[in-house]
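Read the structure below first, then the notes.
No experiment lies behind these values; they were computed from the predicted model shown. When a ligand or atom number is given, it counts from 1 through the structure's own listing order.
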Amino acid sequence: MNTETLTISDNRTGKKYEIPIWQGTIRAMDLRQIKTSDEDFGLMTYDPGFTNTASCKSHITMLDGERGVLWYRGYPIEQLAEQSTFLETAYLILHGELPTKSQLDAWIRSITHHTLLHENTKKFIDGFHYDAHPMGILVSTVAGLSTFYPDAKDIHNSESRQVQTYRLIAKMPTIAAFAYRHSLGMPYAYPDNDLTYTGNFLNMLFKATELKYTPNPVLERALDVLFILHADHEQNCSANTMRSVGSSYADPFCATAAAAAALYGPLHGGANEAVLRMLNQIGSKDNVPQFIARVKAGEGRLMGFGHRVYKNYDPRARIIKQIADQVFEVTGRNPLLNIALELERIALEDDYFVSRRLYPNVDFYSGIIYQAMGFPVPIFPVLFAIPRTAGWIAQWEEMLLDKDQKIARPRQVYRGETRRNYVPLAARG
Ligand code: CMC
């Protein structure tokens, strides 16, 4: 039985209230009884950006920002990055347990057999301008898939949710690769079912005239690990969007498109692209102190630094730094790495960053690796969206099955005009 309570004394009325505490939270609705009169609406909380509001109970991902710890379904990210594959991790995130051998084989088979896009989708992608940002193409095309699969509206049917899960995880790399090839004016390369998830993605991106594309195993594994690191991150902006849009019972393609749109912004998944642009703009190691001074003066942010939850080194950034060495052995060292290392060195010693507990996040080094692997900069956020789809679907399904959840609909504190009468146009000054 829950015995922890909070006593609130309302100094406006002198009344006292005893409110239950559950798992370190109080229910916002328990505050509504706190009123100054019968007409009073009751107390609400004011929390722009949800900085101190738990919007759900979740069993998927645990993130301890103070200690820099990240688990998927209880498994430390370091162990998954070392021993798992992206598709196995996606299974774990979605199903809650690591698969048996036969479950894993069936899962990989199902994903592999849904990688093709309906041919009409190509016409859709063809309509975009040659320099359209791939994230714009991805967001629109994923939303467009909703029109190809009207059965996806059957969101309360677990079998339907399963099929949409296969389709979404399987088709995201194909859409991403087609968007990239479209920007180059290259013919689309179709999926190759003999390859792994990431191997096939590299094939669809980079296959030229050869009959069979063979991915470099080091780069294929590096991309797979990067996908593991990006697969979920609990209630971030895009997961919250997925849950919020899904709470109106929109189909999962539209909800995923909305989540990808949220990811696109430079404060979230677009940060990897922004980091690369920032490093290019800084240009050389010598310019780093000057750049840091500008950030401290409020003229822009150090992209790839800081996090709402991590107040310690992002564990994903630590793993990415290790992958960088393996990738650079194959591709040669990206010269931007020297600038990034210098930025990190200075920032981690500077009181501005230390006092605000700003550390490198997942996006700080990922772009440097992607660039070395031959990915063009605008596709970086897409490389985040592909693996995060697994997390979005898991968050969406958990929301749908949670009896506590309702349509997401926050309150506001109205600060606008009080009631006034309409002024005819002729009478306005
Ligand atoms: N550079 C310089 N100052 C910063 C930065 C930064 N990157 N991040 C935060 N600050 C400062 C901010 O100005 C504020 O200072 P003050 O207290 O003097 O006003 C203080 O630190 C707290 O910042 P905040 O904006 O209130 O923190 P937040 O939790 O709302 O924002 C964040 C988190 C990730 C949006 C932010 O740190 C940021 O903009 N970082 C750069 C963009 C980035 O790398 N995003 C990727 C995040 S990780 C992957 C993902 O989520 O997709």
Side-chain angles (χ1 to χ4, degrees), residues 46-53 61 63-66 68-70 77 135 138-139 226-243 258-279 281-282 288-321 340 343-370 377 380-392 395:
Y46 176 62
D47 188 11
F50 306 120
T51 52
N52 198 38
T53 296
T61 293
L63 201 170
D64 180 339
E66 290 299 317
V69 170
L70 172 62
I77 192 68
M135 265 312 256
L138 183 88
V139 167
L226 284 160
F227 278 9
I228 292 172
L229 301 182
H230 286 87
D232 192 52
H233 213 229
E234 54 119 307
Q235 305 313 311
N236 52 78
C237 180
S238 56
N240 182 57
T241 304
M242 184 82 190
R243 282 177 173 261
L263 187 79
Y264 190 4
L267 296 190
H268 191 7
N272 53 16
E273 181 180 356
V275 168
L276 239 283
R277 297 194 193 286
M278 172 188 79
L279 295 176
Q281 186 200 335
I282 294 171
V288 168
Q290 202 187 335
F291 181 81
I292 295 266
R294 290 208 345 249
V295 169
K296 287 165 62 178
E299 299 169 29
R301 290 200 160 191
L302 177 50
M303 300 311 285
F305 255 70
H307 197 275
R308 170 63 57 78
V309 183
Y310 290 123
K311 301 300 166 200
N312 201 325
Y313 214 98
D314 183 334
R316 300 167 301 172
R318 214 184 290 280
I319 299 169
I320 287 181
K321 252 177 121 174
L343 268 174
E344 180 185 333
R345 190 189 66 75
I346 297 189
L348 293 183
E349 285 174 358
D350 191 299
D351 187 54
Y352 175 95
F353 296 91
V354 174
S355 63
R356 289 170 178 78
R357 304 180 73 189
L358 302 170
Y359 291 87
N361 59 48
V362 70
D363 294 308
F364 193 63
Y365 287 105
S366 59
I368 298 176
I369 303 180
Y370 292 145
V377 177
F380 293 0
V382 172
L383 297 173
F384 197 150
I386 293 171
R388 185 53 63 85
T389 302
W392 289 331
Q395 298 285 344

Does the side chain of [X] reach to within under 4.5 Å of the side chain of [Y], using non-hydrogen atoms?
X    : Y    : value
L343 : F305 : no
Y359 : L348 : yes
F364 : D314 : no

Item checked: Distance (rounded to the nearest 0.5 Å) between I282 CD1 and Q290 CD -> 10.0 Å

Check: Taking atom CZ of F50 as the centre, does the number of heavy atoms from other residues, nucleotides or ligands within less than 6.0 Å exceed 12?
Finding: no

Item checked: Centroid separation F384 to H233 less than 6.0 Å -> no

Next item on the list: Show the protein residues that qualify under the rule heavy atom under 4.0 Å from an atom of ligand 1, listing them in chain and number order.
Entry: P266, L267, H268, G269, A271, V295, R301, L302, M303, G304, F305, G306, H307, R308, Y352, R356, L358, N361, V362, D363, F384

